[in-house]
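These notes are about the structure you will find just below.
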Amino acid sequence: MLRSLLLLVSPLLMCFSGGVCFVCPEICRCSQKSITCNSATESLKSRTHSRLSISNTGISVFPDLTSIFSLESDFILYICDNLNLRSVPTNAFIGMTSEFITMNLFNNGFQEIESHAFNGTKIDKLVLKNNKYLRVIHEDAFKGAFGPTMLDVSSTALETLPSPGLESVLMLVARSAFALKRLPPLNALKSLREAQLTYPSHCCALLSWDSNREGSVITALRNGSSNCGDSSPANPSDVASGDSLTLDGPLASDIVGFTSAEDTFGSMDFYYPELDLCQRRPALQCSPEADAFNPCEDIAGFGFLRVAIWFINVLAIVGNLTVLLVLFTSRCKLTVPKFLMCHLAFADLCIGVYLLMIATVDLMTRGHYSQHAIEWQTGVGCGIAGFLSVFGGELSVYTLSTITVERWHTITHALHLERRLGLRHASSIMVVGWVVCLGMALLPLMGVSSYNKVSMCLPMDIEMPLSQAYVILLLLFNVGAFLVICGCYVCIYTAVRNPEFPGRTADAKIAKRMAVLIFTDFLCMAPISFFAISAAFKVPLITVTNSKILLVLFYPINSCANPFLYAIFTRAFRKDAYILLSSMGCCESKANLYRMKTYCSENINRSKSSSGSNGNSKAPRAVVWMSSFPHVTPRPRMQRV
């Protein structure tokens with residue numbers, strides 16, 4: 001049957017002058033910026049058409065289509081390449097047709113689709129792709145409309161989709177819709193069977209929701225129907241031929257020549273698949289699938305990691321805050337080791353805050369992280385967490401290296417006090433370290449690698465050569481620091497065991513203790529460095545899921561242990577802590593004891609320095625001062641002759 005057109009807006013015609021000539025339809029009134037289609041004449045009403053195209057025009061007002069009425073069941077509307085159209089108004093398509101319509105509204109200048117824009121329509125397909133400035137679809141845009149069954153919002157700036165109107169969507173296309181970071185409530189997509197999205201995590205959320213929904217529906221149906229058991233035939237025609245209708249009781253024997261209904265009327269097995277409540281619906285198809293960097297799981301991944309991450313971050317934050325509080329409020333002279341310990345505590349505190357952020361997000365999104373993954377990973381929070389992670393980790397490694405070099409330099413030049421490292425030199429070294437570590441942490445925020453590749457917000461993006469070089473440089477920095485520490489402690493042990501250098505007992509004890517601690521720290525970091533370097537060269541030896549065990553248990557464990565091993569468990573720190581508590585009225589006796597020991601050691605050093613000029617000098621004033629404390633009596637030191 002021949003079809004005629006009710007309305008045809010022809011494509012652009014090239015005039016002889018090289019300009020664009022637009023032919024206005026006979027039932028419309030056209031101006032430079034608008035098109036208005038009035039009621040058709042009787043002759044036009046009798047025509048049936050299926051296509052209307054308004055494309056590549058300069059109109060700035062949405063065409064008035066409310067007076068057009070089509071009887072066709074496959075009416076197709078094209079409004080595309082109209083870059084001056086800014087919005088789709090209310091009731092824009094009402095009355096066009098009472099049948100299903102396909103709307104191709106792509107590549108326009110739309111910024112907004114207003115409330116009730118599709119009122120009075122039955123939408124089969126709605127294509128809104130390539131409307132690059134489309135940011136808002138009003139919550140009630142589909143109120144009064146049926147459909148759409150297919151919705152395409154690819155390459156738009158939409159940040160969310162309205163829940164009302166999505167119940168009938170069977171296919172959702174949102175490719176390259178990078179602003180669409182959060183899906184609408186999944187219950188609004190109850191009819192969805194296929195999705196082509198931008199982010200893999202959205203597919204994780206949809207597939208998880210679909211499997212849970214399918215399981216609950218099947219369970220409910222099986223509980224309500226006795227025909228859904230495994231022993232029941234899927235099709236009534238599968239019933240065995242030996243099964244027949246039987247009559248029990250005394251009446252059956254009285255019937256002579258009884259013939260079954262199946263023998264009389266034939267088979268009475270009628271099967272209606274659409275009424276089979278036990279039939280499973282087809283599985284939801286979604287792309288892109290989850291990749292190696294974003295598996296379908298929560299941030300922590302394992303239950304024991306969720307507990308461990310809270311334990312470690314609380315210890316790291318409390319321990320390092322305690323160290324900073326005591327060192328900053330100490331009235332004792334600021335020495336180079338204390339100065340460096342402050343930087344180490346601050347660096348480890350950054351790692352603790354990073355873990356706290358990760359643990360908090362994991363707790364808030366537990367069980368449904370996939371629905372919030374992109375919003376978290378591309379948000380400001382993940383960027384801050386990643387910055388704290390890299391900055392704190394690299395500054396901690398740098399400070400540990402500086403502490404080791406300072407110990408080596410002090411022990412090597414123990415007899416030359418003027419050559420020891422002073423606060424001015426230590427400050428210059430740490431300024432350089434801060435600048436280097438800040439630069440390393442800021443590069444992913446400037447496009448070199450990225451913190452939003454994985455849920456843990458670490459720079460694992462190595463797709464570009466520059467990003468790969470950055471990650472390799474970061475790892476080599478850590479390996480280089482480890483080699484420096486190893487070299488320094490080899491020199492320290494060599495110097496300590498040399499009998500030609502006397503008077504180094506205290507320095508030797510400190511060096512041995514710090515050697516054990518720092519080597520323990522780097523042994524914990526060795527697995528991370530090994531697997532990270534292999535992954536940086538695109539030869540991953542471990543999955544992201546399993547790497548979370550290393551990142552939670554090994555990467556931050558140093559930040560948790562350092563304040564206790566380097567400060568809190570040392571005698572000097574306990575002295576400063578008791579003195580601080582005594583100013584609050586607590587532990588005064590302990591504080592006085594530490595003050596006395598400090599005073600004694602100072603006076604003994606002074607007496608030793610003056611013993612060369614005064615052979616038989618008086619007893620040090622420290623002994624007289626100690627005698628005023630009855631509970632503390634100095635023991636005489638036996639000397640070997």
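None of these values were measured; they are calculated from a predicted model. Just so you know, residue 1 is the first one in the sequence shown, and it goes up from there.
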Heavy-atom closest pair, residues Phe339 and Leu334 = N-CD1, 3.9 Å
Can you tell me if Trp376 uses its side chain to pair, donor with acceptor, with the backbone of Ser455 under 3.5 Å?
-> yes
Go through the steps for Val153 and Leu161 under the test side chain to side chain contact (heavy atoms under 4.5 Å, CB included), then give the verdict.
-> CA-CA 9 Å; Val153 292; Leu161 294 176; 4.3 Å; yes
Apply side chain to side chain contact (heavy atoms under 4.5 Å, CB included) to the pair Leu134 and Gln111, showing each step before the final yes or no.
-> CA-CA 4 Å; Leu134 181 59; Gln111 298 178 358; 5.9 Å; no
Could you tell me the separation between the SG atom of Cys488 and the NE2 atom of His409, rounded to the nearest 0.5 Å?
-> 11.0 Å
Any sub-3.5 Å donor-acceptor pair from Ser389's side-chain atoms to Ala385's backbone N or O?
-> no
Would you say the side chain of Leu355 lies within less than 4.5 Å of the side chain of Trp310, judging by non-hydrogen atoms?
-> no
Spacing of Asn130 atom CG and Thr156 atom OG1 [to the nearest 0.5 Å] = 9.0 Å
Intermediate values then yes/no, side chain to side chain contact (heavy atoms under 4.5 Å, CB included), Tyr451 and Val390 | CA-CA 10 Å; Tyr451 290 129; Val390 174; 3.6 Å; yes
Whether over 12 other heavy atoms sit under 6.0 Å from Phe293 CZ | yes
Would you say Ser155's side chain and Lys129's backbone share a donor-acceptor pair under 3.5 angstrom?
-> no
Under 3.5 Å donor-acceptor, Asn294 side chain and Asp291 backbone = no
For Leu473 and Phe477, what are the C-alpha separation, side-chain angles and deciding distance, and is it a side chain to side chain contact (heavy atoms under 4.5 Å, CB included)?
-> CA-CA 6 Å; Leu473 179 64; Phe477 178 82; 5.8 Å; no
Any Met341 side-chain heavy atom under 4.5 Å of Leu327 side chain | yes
Do Trp434 and His343 meet the criterion of a side-chain donor-acceptor pair at a distance under 3.5 Å?
-> yes
In Thr329, Thr322, Val323, the residue satisfying side-chain contact (heavy atoms from CB on, under 4.5 Å) with Leu325 is Thr329
Hey, is CZ on Arg306 packed in by over 12 heavy atoms from elsewhere, all under 6.0 Å?
-> yes
Least distance between heavy atoms, Met440 atom then Leu474 atom = SD-CD1, 3.6 Å
For Ala179 against Ala157, the heavy-atom pair lying closest together = CB-O, 3.7 Å
State whether the side chain of Ser449 and the backbone N or O of Ile462 hold a donor-acceptor pair below 3.5 Å, judged by distance alone.
-> no
Glu394 side chain reached by Asn478 side chain, heavy atoms, under 4.5 Å | yes
Report yes if the side chains of Ile317 and Leu356 come closer than 4.5 Å at any heavy-atom pair, otherwise no.
-> yes
Exceeds 12 heavy-atom contacts within 6.0 angstrom, atom CZ of Phe304 = yes
For the residue pair Leu197 and Leu172, establish whether any side-chain heavy-atom pair is separated by less than 4.5 Å.
-> yes
Grab the two heavy atoms, one from Leu186 and one from Gln371, that are nearest each other, plus how far apart they are.
-> CD1-NE2, 3.7 Å
Nearest-0.5 Å distance, CD of residue Gln285 to CG of residue Leu192 = 11.0 Å
Measure the spacing between OG of Ser401 and CD1 of Ile485 and express it to the nearest 0.5 Å.
-> 4.0 Å
Those residues at least two apart in sequence (or on a different chain) that pass disulfide (SG to SG under 2.5 Å) with Cys296 are Cys204
Are any non-hydrogen side-chain atoms of Tyr369 and Asp362 less than 4.5 angstrom apart?
-> no
Is a side-chain donor or acceptor of Tyr199 paired with a backbone partner of Phe178 at a separation under 3.5 angstrom?
-> yes
State, without any angle test, whether Thr402 and Glu406 hold a side-chain donor-acceptor pair at a distance under 3.5 Å.
-> no
Here the gap from Ile137 atom CD1 to Phe110 atom CZ, rounded to the nearest 0.5 Å, amounts to 11.0 Å
Donor-acceptor contact present, side-chain His372 to main-chain Arg182, <3.5 Å = no
Considering all heavy atoms, the nearest Ser467-Val448 contact | OG-C, 4.0 Å
Would you say Lys338 has more than 12 foreign heavy atoms packed within less than 6.0 Å of its NZ?
-> yes
Does a side chain donor of either Ser559 or Asp348 reach within less than 3.5 Å of an acceptor in the other side chain?
-> yes
Check whether any side-chain N or O of Ser396 sits under 3.5 Å from a backbone N or O of Gly393 as a donor-acceptor pair, and report yes or no.
-> no
Atom pair SG/CD1 of Cys560 and Ile312 - distance to nearest 0.5 Å | 6.0 Å
Is there a donor-acceptor contact under 3.5 Å from the side chain of Ser211 to the main chain of Ser208?
-> yes
Indicate yes or no for a side-chain donor-acceptor contact from Asp210 to the backbone of Leu206 under 3.5 Å, with no hydrogens or angles considered.
-> no
Heavy-atom side-chain proximity of Leu128 to Asp152 below 4.5 angstrom = no
Student check: side-chain heavy atoms of Tyr398 and Met430 closer than 4.5 Å | yes
Taking all non-hydrogen atoms of both residues into account, name the closest pair between Leu305 and Ala300 and its distance.
-> CD1-O, 3.3 Å
